[in-house]
Structures are given as C-alpha cells and as structure tokens.
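First up is the structure itself, then whatever we jot down about it.
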Amino acid sequence: MPTLSPIAPDLLAWFSQNARILPFRQDPTPYHIWVSEIMLQQTRVAAALEYYDRWMKALPTIRDLAECDEEKLHKLWEGLGYYSRVRNLQKAARIVCQEYGGQLPADHKKLLALPGIGDYTAGAIGSIAFHLPVPAVDGNVLRVFSRLYNDDRDIADPKTKKAYTQWVMEHQPPEAPGPYNEALMELGALVCLPNGEPLCDACPLAHLCRARQAGTQNTLPVKKAAKARRIQPVTVLLVKSEQGWLLQRRPDSGLLAGLWQPALFEEELSRQEAADRLASLGISVQLGGPLKPAKHIFSHIEWRMSGWQATAEAAPLPDGYVWADRESLAQQYTLPGAFKAYRPLLETDG
DNA sequence: AACACGGGGGT
DNA sequence: ACCCCAGTGTT
C-alpha cells in the first residue's frame with residue numbers, strides 16, 4: 001500500500017472550525033475526559049450529555065465516585081445501558097485513590113490496567129487529557145480509515161484494527177495527538193457517516209480519499225454480519241400493595257446485574273402458573289387484567305414480555321424483593337430501560 | 001476467536 | 001418492522 005499524503009494539516013484546520021462545543025471539552029480534566037469517554041462507549045453524544053451534567057454535579061471528583069454507594073451509582077446510569085461500565089468506573093476510581101493519590105496516572109499502560117479502560121479509552125484519555133502520543137481508534141476512526149485507504153477488510157477483525165492503528169499513528173502529529181485523535185472521531189461522527197452516506201462534499205480529506213476516488217465510499221467499511229438474536233419469552237407481574245409495587249433485585253452477575261425489575265419469569269407462563277410461581281416464593285396475589293404485550297431488544301436477546309397486573313397484601317417479602325412506592329421508584333431503585341412500556345403504570349401511584 | 005453486555009436512531 | 005451502531009471483559 002503506497003503511503004497516503006499527510007492528512008493532519010487539513011484535518012486539524014477543519015476540526016478547529018467544526019468541533020462541537022461539549023461540556024467535557026470546555027474543561028478537559030482527566031476525570032472529565034475519563035467519565036465522558038466511558039459514557040460515550042456504544043452511546044451517542046446526545047444521549048450522554050444529560051447524564052454527564054448530572055453525574056458531575058453528583059460526583060465532582062474521583063474520590064466522590066470511589067465513595068458513592070452502589071444504588072446511587074446505578075441510578076446515575078439508569079437508562080444508559082451496559083451497566084458494567086459504571087461498576088468498572090467505580091472499581092477503577094477506588095484503585096486510583098489507593099494507588100495514585102486520587103489522580104489518574106499520565107501513563108498509557110497504567111491507564112490500560114484499570115477496570116473498564118481498554119485500548120480505545122486508554123488512548124483517548126492519554127492523548128486528550130495528558131497529551132501522550134498514543135492512538136484512540138474507535139468505530140468512527142475505523143470507518144474513516146477504511147475509506148481513506150479504500151480498504152475492504154472486516155473492521156471487526158483485530159488484525160484490521162491493528163493495521164489501521166498503524167496508519168493512524170503514521171499521520172499523528174507529535175505536537176497535537178489529542179486534537180488529532182478527536183478530529184478523526186469528530187470527522188467520523190459529523191461527515192464520514194455510516195450507512196453508506198458520507199457527506200463527501202463537506203469533507204476536508206475528500207481530495208485524498210481513496211474510496212472517494214474509486215467510488216466505493218458507500219460500501220465501506222466492511223464488516224461481517226452479526227449473529228441472530230435469541231428470542232426470550234418473559235412473563236411480567238405488576239403487583240401492587242398499599243406499600244407500593246413489587247420489585248425484585250436481579251442477580252449480581254449477568255444481564256442487568258444488580259438492577260431492579262417487576263416480578264418476572266424468563267419463560268412463557270399461563271395465568272395460573274404465574275400465580276403459582278409467586279405463591280411458591282411466599283407471595284400470594286390476586287391476578288387482575290393482562291398487561292399490554294411489549295418487546296425489548298438487547299443486542300443479543302429479544303425479550304417478548306406479557307403478563308398481568310395483580311394486587312397483594314403488604315406482607316413481608318423474601319430476600320431480594322421490596323415494595324417500592326412512587327418516591328423510591330423515582331429516587332432509589334434503578335429499573336432498566338427494558339421496562340419502559342410499564343413505566344407509566346408504575347408511576348401512577350403505589 | 002467468540003460471546004456477553006443496553007439502548008437509541010434512521011428509514 | 002426492520003436496519004445500523006460498536007468498547008471492554010470473559011471464556
């Protein structure tokens with residue numbers, strides 16, 4: 001592959017004019033960059049912004065994060081998804097307090113060793129917050145480079161990522177690794193768009209782009225098809241007592257670990273079977289009307305939910321179950337987005 | 001190398 | 001209704 005002309009001058013000039021104004025760019029401390037980068041993993045900027053502002057008000061320092069209780073931490077992440085991100089953020093914060101006096105280390109390998117910080121995030125924090133000459137190759141950058149070099153290897157293949165990382169570093173100006181990395185990602189987010197519709201007329205690198213020259217920009221990047229989702233029937237019981245709605249804590253590992261949900265069984269149950277399951281847990285209920293069937297799609301599973309409303313005496317509950325009134329549902333217990341369809345009902349009263 | 005892990009946007 | 005997006009940790 002012949003070398004490509006330098007991209008940094010045009011790229012950085014474009015970035016200086018087109019960078020979005022974002023809260024973590026206004027005050028790019030290592031902690032701000034760290035939290036924003038974790039939030040932005042698999043998450044669009046628009047979705048992360050309100051979470052970021054609320055987070056920094058609640059937990060302005062790494063030490064505040066290290067000392068936060070788990071329930072409050074989950075609540076700050078409620079609806080963002082991939083909840084292991086927030087647990088790893090706190091694990092890492094505790095290590096940073098123990099090992100590094102509460103300051104993130106300005107060292108790529110030490111960053112990479114922290115929970116939740118992998119190749120991409122170590123590179124983003126290292127280059128943006130500490131000005132280290134390291135790569136930060138996310139999906140945007142893979143897309144930009146697949147087109148710049150007109151390269152049709154599968155971007156999900158680690159070998160491809162390694163090759164692109166090499167190219168990224170060949171173009172990185174030593175005096176501006178952070179702006180360069182940010183500019184590549186910003187170009188991918190604003191101009192070199194996915195879904196086969198890049199805005200080449202607005203691209204500062206169009207004159208260098210080999211896909212553009214070959215007319216292949218709409219077919220890149222190439223990636224192999226994802227595996228089909230598993231369909232999972234789910235029976236949900238919305239049980240109300242005088243003390244609120246019945247909630248159940250999910251197991252400490254696996255999907256939606258440690259979060260709260262209405263009573264549910266991950267199988268299709270008849271009305272009678274559902275009541276029997278609750279009774280065998282020591283919770284006796286009177287079943288009411290059926291719930292509107294609802295669907296929730298995770299990347300790997302599709303939940304098809306149906307079930308019933310029910311009422312119960314406000315009796316003592318087994319471990320892992322609580323009665324949650326409207327206030328505690330709003331302030332304390334974290335319900336994942338999967339139950340969005342039942343939120344309005346849960347918020348009626350309790 | 002394959003899989004587990006959420007949620008949102010576009011058409 | 002169906003498509004796409006894509007970091008880190010575990011196995």
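Here is the naming used below: chain letters follow the sequence lines, and residue numbers restart at 1 for every chain.
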Backbone of A:Leu65 reached by a side-chain donor or acceptor of A:Gln90 within 3.5 Å:
yes

Hey, is the main chain of A:Tyr333 close enough, under 3.5 Å, to the side chain of A:Lys75 for a donor-acceptor pair?
yes

Would you write out the dot-bracket form of DNA chain B, 5' to 3', with Watson-Crick and G-U pairs under 3.5 Å, [ ] for crossing pairs, | for pairs to other strands and . for unpaired bases?
|||||.|||||

Tell me which of A:Asp157 and A:Ser253 sits closer to the 5' end of DNA chain B, going by the nucleotide each one is nearest to.
A:Asp157

Of A:Lys224 and A:Ala46, whose closest DNA chain B nucleotide lies nearer the 5' terminus?
A:Lys224

For the pair made of [atom1] in [X] and [atom2] in [N], what is the distance, rounded to whole Å?
| X | N | atom1 | atom2 | value |
| --- | --- | --- | --- | --- |
| A:Leu80 | B:dC5 | CG | P | 18 Å |
| A:Arg85 | B:dG6 | CZ | P | 9 Å |
| A:Ile301 | B:dG7 | CD1 | C1' | 14 Å |
| A:Phe298 | B:dG8 | CZ | P | 11 Å |
| A:Leu49 | B:dG8 | CG | C1' | 14 Å |

What I'd like to find out is whether the side chain of A:Met305 reaches to under 4.5 Å of the side chain of A:His296, using heavy atoms alone.
yes

Is it true that A:Arg20 and A:Glu186 make a salt bridge, defined as a side-chain N closer than 4.0 Å to a carboxylate O?
yes

Name the nucleic acid region contacted by A:Ala338, choosing base, sugar-phosphate or nothing; use a 4.0 angstrom heavy-atom cut-off, strictly under.
sugar-phosphate

Applying a 4.0 Å non-hydrogen cut-off, can you work out what A:Glu197 is touching in the nucleic acid: base, sugar-phosphate, or nothing?
sugar-phosphate

Under 4.0 Å between a side-chain N or O of A:His300 and OP1 or OP2 of B:dC5?
yes

Side-chain N or O of A:His296 less than 4.0 angstrom from OP1 or OP2 on B:dG7?
yes

Give me the distance, rounded to whole Å, that separates B:dG6 from C:dC4 when you measure between the C1' atoms they each carry.
15 Å

Same-atom distance (C1') from C:dA6 to B:dC3, integer angstrom
14 Å

For A:Glu50, does the CD atom have more than 12 heavy-atom neighbours from other residues, nucleotides or ligands under 6.0 Å away?
no

Please check if atom CD in A:Gln166 has more than 12 non-hydrogen atoms from other residues, nucleotides or ligands closer than 6.0 Å.
no

Does the ring centre of A:Trp167 sit less than 6.0 Å away from the ring centre of A:Tyr149?
yes

Verdict with reasoning, A:Asp154 to A:Thr160, per side-chain hydrogen bond (donor to acceptor under 3.5 Å, both in side chains)
CA-CA 7 Å; A:Asp154 176 7; A:Thr160 306; over 6 Å; no

Output every pair passing ring-ring contact (aromatic ring centres under 6.0 Å, His included) with a member in residues 95-141 of chain A, not counting sequence neighbours, ordered by first then second residue.
none

Could you encode protein contacts along nucleotides 2-11 of chain C as a string, one character per nucleotide from 5' to 3', using B for base contact, S for sugar-phosphate-only contact and - for no contact, with a heavy-atom cut-off of under 4.0 Å?
--SBBBSS--

